[in-house]
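Order of appearance sets the numbers: ligands from 1, and atoms from 1 within every ligand.
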Amino acid sequence: MKRKNAAIRYLPVILLLIFLLTGCTASGPAQSLPAERTTFAMDTLMELKAYCGDDVLDRCVERIAELEKIFSVTDPESEIYSLNDTGTSVLGNDASILLKEALSLCERTGGALDISIYPVVRAWGFTTGEYRIPAKEELAELRKRVDYSKVEMNGSSVSIPDGMMIDLGSVAKGYCSDCLAEMLKEAGVKSALLNLGGNIYALGTKPDGTKWNIGIQDPNGSGYLGVLKASDLAVITSGGYERYFEENGKVYWHIMDPATGEPASSGLISVSVIGSRGVVCDGLSTALFVMGLDRAAQMWRDSEDFEAVFVTDTGSIYITEGLKDDFHTAGAYASEEIQVITHE
Ligand code: ADP
Ligand code: MG
């Protein structure tokens, strides 16, 4: 009798102990912690989080290093360096795929994306951090070397004109996120969040089955201007705040308008592109930033593979219609009215 009483008396404690030790709740087993990795590559800090074994993420980190070694524009051992150096190359699989993809995005955006803009970006000092404002004549001279349509690609054989330099920096992280997502899916992973320096890929859902919440950075501050719910989507932002310098009170950023050779001044200060293919979203985020709101909205109307969030230099937020249910403003922007771009 006495023993039974004791058991009943300690039952709550015993149940609590079982709960704490096994992580079990009434509704089933609680999720274990995700594997996480951080690595510095492609000039940015990358953070990977996935509900899988450590070995799978280790392979992802190796793949990132491998891709960086192929695409780097400054590493003398990279395939792109070699192409720029000699003017002709037979590319490996990744470089062929990405170059082909990038050229089609250059074409699709009417040259707002131009992967041969590198000599101009370099003249402004964005590759070294030794910033300067090049003279108009210097820019005019450099722009003669910029024209993606002169890249000749025949299968994996590529040649570029004398003086031209290719830089896949505007699309490489997006391509990388696609490769990693593919690897994770093949390994059976159902839930992962890849942050490649602000280029996000949300794989599957959170372990509880709800969509991932992706913060869209406030281009004027350090917080978020909004949150986007996403599943199996890339969310890629190009912003004037990412890399810039100031001179005489004027800001000069790293996204160039190939038509002028100067930092794009389209009235947009941030563009996030959301879609199932990271490489497309990456290229478009850069290109739409150059194109400005009206041309970007028209491109969205003519396309079926992306949605977008735009922030103008006057602080207005625009989203394309497909995001209506999944995007809301946050923080200082919580009461900000969102303009919805529609098909009309
Ligand atoms: P980030 O890589 O900083 O996230 P983006 O994807 O927008 O941003 O790519 C910007 C990079 O692409 C720049 O650092 C520059 O090297 C290159 N770039 C700048 N303007 C253009 C352009 N119009 N077309 C193609 N590449 C560009
Ligand atoms: Mg980009």
Check: Any N/O/S of S238 under 2.8 Å from the Mg ion (ligand 2)?
Finding: no
Hey, which atoms in ligand 1 end up nearer than 4.0 Å to a heavy atom of [X]?
X	answer
P258	23 (N)
G169	2 (O)
L113	24 (N), 25 (C)
S238	5 (P), 6 (O), 7 (O)
I255	7 (O), 19 (C), 20 (N)

Notebook entry, point to check: Would you find more than 12 non-hydrogen atoms of other residues, nucleotides or ligands less than 6.0 Å from K185 atom NZ?
Noted result: yes
Margin query: Quick check on E77: does its CD atom have over 12 non-hydrogen neighbours (other residues, nucleotides or ligands) under 6.0 Å away?
Written below: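 Result for CD/E77: open.
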Check: Between the side chain of S104 and the main-chain N/O of E101, is any donor-acceptor distance below 3.5 Å?
Finding: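 Yes; judged by distance alone, with no hydrogens or angles, the pair exists.
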Notebook entry, point to check: Are the side chain of N195 and the backbone of G198 linked by a donor-acceptor contact shorter than 3.5 Å?
Noted result: yes
Note to self: So that I can tick it off, tell me whether D167 and R122 are bridged by a salt bridge, with the cut-off set at under 4.0 angstrom between side-chain N and carboxylate O.
What the structure shows: no
Quick check: [Y] with [X] (ring centres under 6.0 Å apart)?
X	Y	answer
F245	Y131	yes
W253	F289	yes
Y252	W124	yes

Could you tell me the residue and atom name of the protein heavy atom closest to [atom], and the distance to it rounded to 0.1 Å?
atom	result
atom 5 (P) of ligand 1	T286 OG1, 3.3 Å
atom 12 (O) of ligand 1	S170 CB, 3.5 Å
atom 17 (C) of ligand 1	D167 OD2, 4.0 Å
atom 25 (C) of ligand 1	D114 O, 3.2 Å
atom 3 (O) of ligand 1	H254 NE2, 2.9 Å
atom 6 (O) of ligand 1	D282 OD1, 3.0 Å

Margin query: When you compare the side chain of S285 with that of T237, does any pair of heavy atoms fall below 4.5 Å?
Written below: no
Next item on the list: Kindly indicate whether the side chain of I214, heavy atoms from C-beta on, has any atom under 4.5 Å from the side chain of V227.
Entry: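 The answer is no; the side chains never approach within 4.5 Å.
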Using heavy atoms and a threshold below 4.0 Å, how should the contact between [X] and ligand 1 be classified: side chain, backbone, both, or neither?
X	result
S285	neither
V171	neither
K173	side chain
I117	side chain

Next item on the list: Calculate, to the nearest 0.5 Å, the distance between atoms NE2 and OG1 belonging to H343 and T320 respectively.
Entry: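 The NE2 atom of H343 sits 8.0 Å away from the OG1 atom of T320.
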Note to self: With respect to R243, determine whether any N or O atom, backbone or side chain, lies less than 3.5 Å from an N or O atom of ligand 1.
What the structure shows: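 Such a contact does not occur with ligand 1.
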Next item on the list: Would you tell me which option among M256, M42, R122, E242 has the nearest heavy-atom contact to atom 23 (N) of ligand 1?
Entry: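 Among M256, M42, R122, E242, the closest heavy atom to atom 23 (N) of ligand 1 comes from M256.
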Notebook entry, point to check: Among the heavy atoms of A112, does any lie under 4.0 Å from an atom of ligand 1?
Noted result: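 It does; at least one heavy atom falls under 4.0 Å.
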Check: Out of D94, D58, D178, which residue meets the salt bridge (Lys or Arg N to Asp or Glu O under 4.0 Å) rule with R63?
Finding: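 Passing option: D94.
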Next item on the list: Please note down the angle at the Mg ion (ligand 2) between OG1 of T286 and OD1 of D282, to the nearest 10°.
Entry: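 Approximately 170° at the metal, rounded to tens of degrees.
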